[in-house]
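A short write-up of the structure that comes next.
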Amino acid sequence: MLRYLAGQTRWSAQKLGFRQLTTNETSVALRPFYFAIHPDFFGQYPKERATNEDSLKKVGQYLEALHSRRRTSPLDVTVYMREPRDTQAVKPVKISLLNHTDVRSAVSRILQCCNLSLEYLTSIPNKTALQSTYTPNRPIKWDPTYYRYTGTHNPYAERTQTKPKRTFRGWLIDSIKKAEENDQNTKHVREENEKLTVQICDQLQLKSLQWKSEWGYRNYRSCLNTFARLVQENQTKLSHLKGKSVYFCDKTGVSILGNVLLSAGDVSTDWLSMLTNVSRHEETLLGLPDLEMTLSDLLHDIQIVRRPDHGIVMAKEYDKQLRALISSVNRCWKAKRDVLGGSLNHLQLVVETSSGPLAISTSGQFLVPSSCPGSILIDFIVNNRHKANTLLKEHERKSIKTEAILHKCQSELDICSLERDASLPPDKILTFCENLMKEAYNVKDLLKGARVLITFHSSISDDGKLLVPWNWVDIYD
C-alpha cells in the first residue's frame, strides 16, 4: 500500500516539476542514521535503547505520512548516538521536524541534526522536466501477445522455452555405460563376497547369510571378513546357529521371523556376545504365537500376520507391541464384542509400532499401531471389513500375475536379474513390466545382461545395478 501511495505522490510531484523521494531512496538515504542509533547496538544501555526504539517508530510514522501526502504535525524526538571515536560512550541528539511538505526536506533535516553525510541525498535529482514521463528502474517484461502484435523481438522468448523431455532410451544409453563401468570395477569384490558367504554358510550350516544394510557392498566385504575370523576362532560356540538365517543390518538381536541380526556398526565382541546368547532371545520369540493367538481370539479369529519387512523387527519390541494392543482391546471387549459379528478369519491384521497410523494397506491388511485404543480399532475393522476383503483378493490375484510377468519380462529382454523394491505394490510392478514389454523393441539391446532394480527413482548403484523408476513412462518420452 505504501509503495502504491508513494507512486501516486511521485506522479503528482512530476506534474509540478518536482521529484519526490521513493520509499527505497528514503531507506538508503537514512541508512547511516539507522546504523548510528539502531537499538540493537545499545544492549548495555537499556534506557537509551528504549528511547531510540520509540524515536525510530515516530520518525517512521512521520515519513510515511509524508509519502502518503497526509497532514503532519511538528515532531520533536531525542535519539542517542555512539561517539565515533569512543564506542563505549553515547550522546543525546535532538531532532526537530516542523511542517515539512516533502520527504526530501525531512530526511535532510534528520541527517543534518545527527551530523551525518548528505552525499547520497544530494546525488538524487530533485527536479524533473514537466514533459517527462515516469520510467521504471527495471526492464519491463510484457505479455507475449504484446510482442506478437507489435512485431518486436521478445527478449524473454528463449528463456521461457522448456527443455525437451528426455527419452527413456536416451537415459538408458547414458546409464548403462556407467552401470557397466561400476559393474566391472566391483565384480571381483562381489565374487569374493559370494565365495566367502558360501564358505561361512557351509561351516555353520546356515540357511542363509544376507546383507540388509543401506551401506555399500564394500562394507559387506568388511563384515564378512570379520565374521569369517569370528567363526574360525569360535566355530564350536556357534554350532547352534545351524539352519538359521543371519542378517547384517542396523540392529543386533533376533527378529520376529527368527532371523539373527548383527549390526554392521558393532565390533566382533558384540557379535559374539549376541550369538552365544541367542537362546535367551528365542524364549521371547517362542512366546509370540501365543500372544498373536490371544489377540486373534479377541478379534473373532482375525489372522495376525507378520509382513516380509518384519524381518528386521526385533522380537522383544514386537512382544511389547502385542501385549499393549491386547491390553487395550481387553479393556473394551465386553462392550464391543457383539459389534464384530461373526468370524473374521478371512481378514488379516498387522501390529505396527506405536507411532504408526491406523490404516488399510494396498494389500488389504489392517495396519494397527500398538497404541491404538481398542474401541477405535474395533470400529475401524467393522467399518472397513468389506473393503479390506476386496483388497486382499485383488492383491492375491495381482501377486500371481506379477510373478508371471516379472519372469516373462526378464526372459524376453534377456535381463541378468530383475528385482523389485519390497515396498512397491503389485499394481506398480505390473505397470512397469507392461510398459517395458511395449518398448521391448527399443530397449532390448540396452538391457541385455543388465541387473535391474524396480524402485521409485532413477539411479545407478555403486556395484552397477540399474535403478529404474516404476513410472518411467511418466518421466521420460
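Judged as a salt bridge (Lys or Arg N to Asp or Glu O under 4.0 Å), the pairs with a partner in residues 361-385 (not counting sequence neighbours) are, in order, Lys336-Asp379. Pairs passing the salt bridge (Lys or Arg N to Asp or Glu O under 4.0 Å) check and including a residue from residues 282-293, sequence neighbours excluded, read Lys244-Glu282, Glu292-Arg306. Listed by first and then second residue, the ring pair (Phe, Tyr, Trp, His ring centres under 6.0 Å) pairs that reach into residues 261-285 are Phe248-Trp271, sequence neighbours excluded.
Pairing each heavy atom of Ile460 with each of Ser175, the nearest pair is CD1-O, 3.5 Å. Taking every heavy atom of both residues into account, Met437 and Cys409 meet most closely at SD-CA, 3.8 Å. Between Thr284 and Asp319, the shortest heavy-atom distance links the atoms CG2-CB, 3.8 Å. Nearest heavy-atom pair, Asp183 versus Arg190, reported as atom, atom and distance to 0.1 Å: OD1-NH2, 2.6 Å. Between Met314 and Ile256 the shortest heavy-atom distance is O-CG2, 3.6 Å. Between Glu439 and Trp472 the shortest heavy-atom distance is CG-CH2, 3.5 Å.
Under the 4.0 Å criterion applied to side-chain N and carboxylate O atoms, Lys58 and Asp54 are assigned as salt-bridge partners. Between Arg397 and Glu394 there is a salt bridge, since at least one side-chain N of the basic residue sits less than 4.0 Å from a carboxylate O of the acidic one. With respect to Asp174 and Arg169, no salt bridge is recorded, no charged nitrogen being found less than 4.0 Å from a carboxylate O. Comment: Glu53 engages Arg49 in a salt bridge, judged by a side-chain N to carboxylate O separation of less than 4.0 angstrom. Ionic pairing of Arg420 and Glu403 is present here: one or more N-O contacts between side-chain nitrogen and carboxylate oxygen are shorter than 4.0 angstrom.
The closest side-chain donor-acceptor pair between Thr22 and Asn24, if any, does not fall under 3.5 angstrom. Checked by atom type, the side-chain pair Arg323/Ser327 shows no donor-acceptor distance below 3.5 Å.
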Determine all donor-acceptor pairs shorter than 3.5 Å in which one atom belongs to a side chain in residues 368-375; sequence neighbours excluded.
from	atom 1	to	atom 2	distance (Å)
Ser370	OG	Ser354	N	3.4
Ser371	OG	Ser354	O	2.7

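A search for side chain to side chain donor-acceptor pair (under 3.5 Å) contacts involving Glu192 returns Arg221, not counting sequence neighbours. In this view, Ser423 and Asp421 satisfy the side chain to side chain donor-acceptor pair (under 3.5 Å) rule, not counting sequence neighbours.
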**Asked** When you look at Arg229 and Glu233, which way does the salt bridge (charged side-chain N to carboxylate O under 4.0 Å, His left out) test go after all the steps?
**Response** CA-CA 6 Å; Arg229 288 194 298 270; Glu233 297 169 359; 5.9 Å; no

**Request:** Begin with the C-alpha distance, continue with both residues' side-chain angles, and end with the deciding distance and a verdict on side-chain hydrogen bond (donor to acceptor under 3.5 Å, both in side chains) for His67 and Thr26.
**Result:** CA-CA 10 Å; His67 272 297; Thr26 303; 3.2 Å; yes

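Ring centroids of Phe432 and Trp470 are separated by 6.0 Å or more, keeping the two rings apart.
Of the possible polar contacts, none joining the Gln210 side chain to the Tyr247 backbone as a donor-acceptor pair under 3.5 Å is found.
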